[in-house]
Amino acid sequence: MNGLQIKDILALPGDSREIAVDGWVRTKRESKNVCFLELSDGSSINNIQVVVDLSSRDLADVIEKITTGSSIRASGFLVQSQGSEQSVEIAAKAISIYGTAPADEYPLQKKRHSFEFLREIAHLRARTNTFGAIARVRSSMSFAIHSFFQERGFVYVHTPIITGSDCEGAGQMFQVTTLPLENPPMKDGAIDYSEDFFGKKASLTVSGQLEGETYATALSRVYTFGPTFRAENSNTSRHLAEFWMIEPEIAFCDIHGNMDLAEEFIKYILTWLLEKCPDDMQFFNTRIDREIITTLRGIIDNRFERITYTEAISLLEKSGENFEFPVHWGSDLQSEHERYITEKVFKKPVIITDYPKEIKAFYMKLNDDGKTVRAMDVLVPRLGEIIGGSEREADYSTLKKRMIDLGLNPEDYWWYLDLRRFGSVPHAGFGLGFERLIQFVTGMQNIRDVIPYPRCVKTLEF
Ligand code: ATP
Ligand code: MN
């Protein structure tokens with residue numbers, strides 16, 4: 001490992017100190033006597049320029065073998081740059097090659113490739129500006145999320161990835177089994193899961209919430225941040241089959257505390273991003289979405305509007321817009337509706353609460369009207385829903401009745417119901433899809449481009 005990364009070197013003065021730098025060649029420009037190499041080591045969106053004097057025979061010989069994508073070490077003097085693009089550059093004294101990248105085979109030759117093409121070479125796309133920036137933003141945002149919760153006394157809980165409870169997303173679950181698929185053991189005309197690995201049917205988790213609640217009702221404030229799996233059988237730009245989710249769960253907290261936390265959380269992580277990743281964000285602002293920084297600042301600086309679902313429906317009915325999905329009280333809000341409310345009506349984030357119980361999950365607290373539940377969705381301009389959460393039903397009988405009404409078997413949830421039998425407390429929480437967040441803050445159009453290796457229906461190359 002070399003001492004300094006390019007991001008650190010670029011911040012040094014050009015005082016002719018001797019320096020060595022390792023990286024991959026992004027571009028090579030040659031004139032008669034001099035060659036310019038743009039070198040990247042992924043530490044920053046900015047490359048360092050290496051200036052090579054071709055009148056030196058040794059250097060000229062090495063340069064000949066170097067093409068875009070080659071990995072090299074350049075050593076020389078750090079000097080003030082002549083060009084306007086960068087402040088310092090390396091006047092090369094010696095260059096050694098780690099590995100070449102044959103120009104007729106290395107696919108990243110052009111400056112810009114389509115994102116579709118880059119998805120086909122996902123193993124190399126992190127070497128481009130966009131995907132390098134996304135990787136750094138993902139990393140920094142992960143840290144921001146942990147930092148936010150840790151500063152507030154939340155305990156990071158690792159909820160299971162394999163689960164025996166098929167919670168919310170019945171049809172959306174990936175099954176986990178060691179049974180032979182060609183010839184599974186049968187009993188009374190059905191597959192005999194007692195012979196499966198766990199002795200029962202098992203799946204990959206679609207949410208850590210229920211287990212999160214069990215820890216929140218012991219440790220008061222917890223959060224999860226882990227992989228989540230949903231067999232989303234549709235090709236959208238917002239759905240992955242494997243994604244990461246952040247789910248805080250708070251005891252002694254109602255929906256208002258939950259909304260306050262969600263708003264504070266979003267503002268904290270966006271502020272963090274603009275502070276810690278200014279160069280990458282400038283890149284996204286220039287190359288991906290010219291309004292992204294303004295949008296993020298708008299979110300940080302504005303109080304989130306809070307309205308009920310009923311109010312939202314009446315705004316939509318009065319809108320005069322020609323929506324693809326017509327709205328009426330009782331219908332679920334589609335992203336076109338969510339965007340109308342945030343972009344056209346309020347021009348800032350909006351939290352919508354108190355949805356009809358029919359369109360929300362069984363665990364949400366029933367309001368006194370018997371018709372709506374204490375759900376809260378946080379909507380942002382250009383994306384729609386970014387967070388979904390609720391105050392949880394803390395009353396044993398009401399929860400059990402909700403399960404039965406929805407065709408769930410309370411016996412399958414005996415441990416979850418126990419939380420309402422023993423020291424039940426008001427509690428609330430929410431879920432934030434990490435990739436939706438990254439999509440939103442970078443302005444990237446497709447969710448497949450904000451995770452290193454997207455898993456989607458009918459695609460699993462890597
Ligand atoms: P949607 O209506 O967009 O499918 P949902 O109602 O299924 O979302 P929740 O069950 O509330 O979503 O999940 C919590 C959060 O997880 C969502 O707000 C979203 O940010 C994210 N999310 C849900 N499904 C996916 C997915 N397939 N890929 C990526 N993120 C997802
Ligand atoms: Mn969904």
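Throughout, numbering of the chain's residues begins at 1 and tracks the sequence. Counting convention: from 1, in listed order, for ligands and their atoms alike. In what follows, every heavy atom counts, from backbone to side chain, and hydrogens, waters and symmetry copies are set aside.
Atom 1 (P) of ligand 1 has its nearest heavy-atom neighbour, among E385, H239, Q334, E247, in H239. Here the shortest heavy-atom distance to atom 26 (C) of ligand 1, taken over W244, F243, F229, belongs to F243. Counting only non-hydrogen atoms, the option in R436, E232, R238 that gets closest to atom 8 (O) of ligand 1 is R436. Between R230, E338, M245, Q439, it is R230 that holds the heavy atom closest to atom 9 (P) of ligand 1.
Under a 4.0 Å N-O distance rule, the pair K201/D196 does not qualify as a salt bridge.
Remark: R287 is not positioned above the aromatic ring of F284, lacking an NZ or CZ atom under 6.0 angstrom from the ring centre and at most 45 degrees off the axis. Seen from the ring of F115, R112 does not count as a face-on cation partner, given the 6.0 Å and 45° thresholds. In this structure, R448 is not positioned above the aromatic face of Y453 in the sense of NZ or CZ being under 6.0 Å from the six-membered ring centre and within 45° of the axis. Seen from the ring of Y355, K360 counts as a face-on cation partner, given the 6.0 Å and 45° thresholds. Within the cation-pi definition used here (under 6.0 Å to the ring centroid, within 45° of the axis), K267 does not qualify as a partner of W272.
Looking at ligand 1, you'll find an N or O of L240 within less than 3.5 Å of one of its N or O atoms. Residue L432 has no N or O atom closer than 3.5 Å to an N or O atom of ligand 1.
Residues F252 and H427 keep their aromatic ring centres 6.0 Å or farther apart.
Contacts between I386 and ligand 1 below 4.0 angstrom, taking non-hydrogen atoms only, involve the backbone exclusively.
Ligand 1 has I447 within reach: a non-hydrogen atom of the residue lies less than 4.0 Å from it.
Of all atoms in ligand 1, listed by their number and element, those nearer than 4.0 Å to a heavy atom of G433 are 15 (C), 16 (O), 20 (O), 21 (C).
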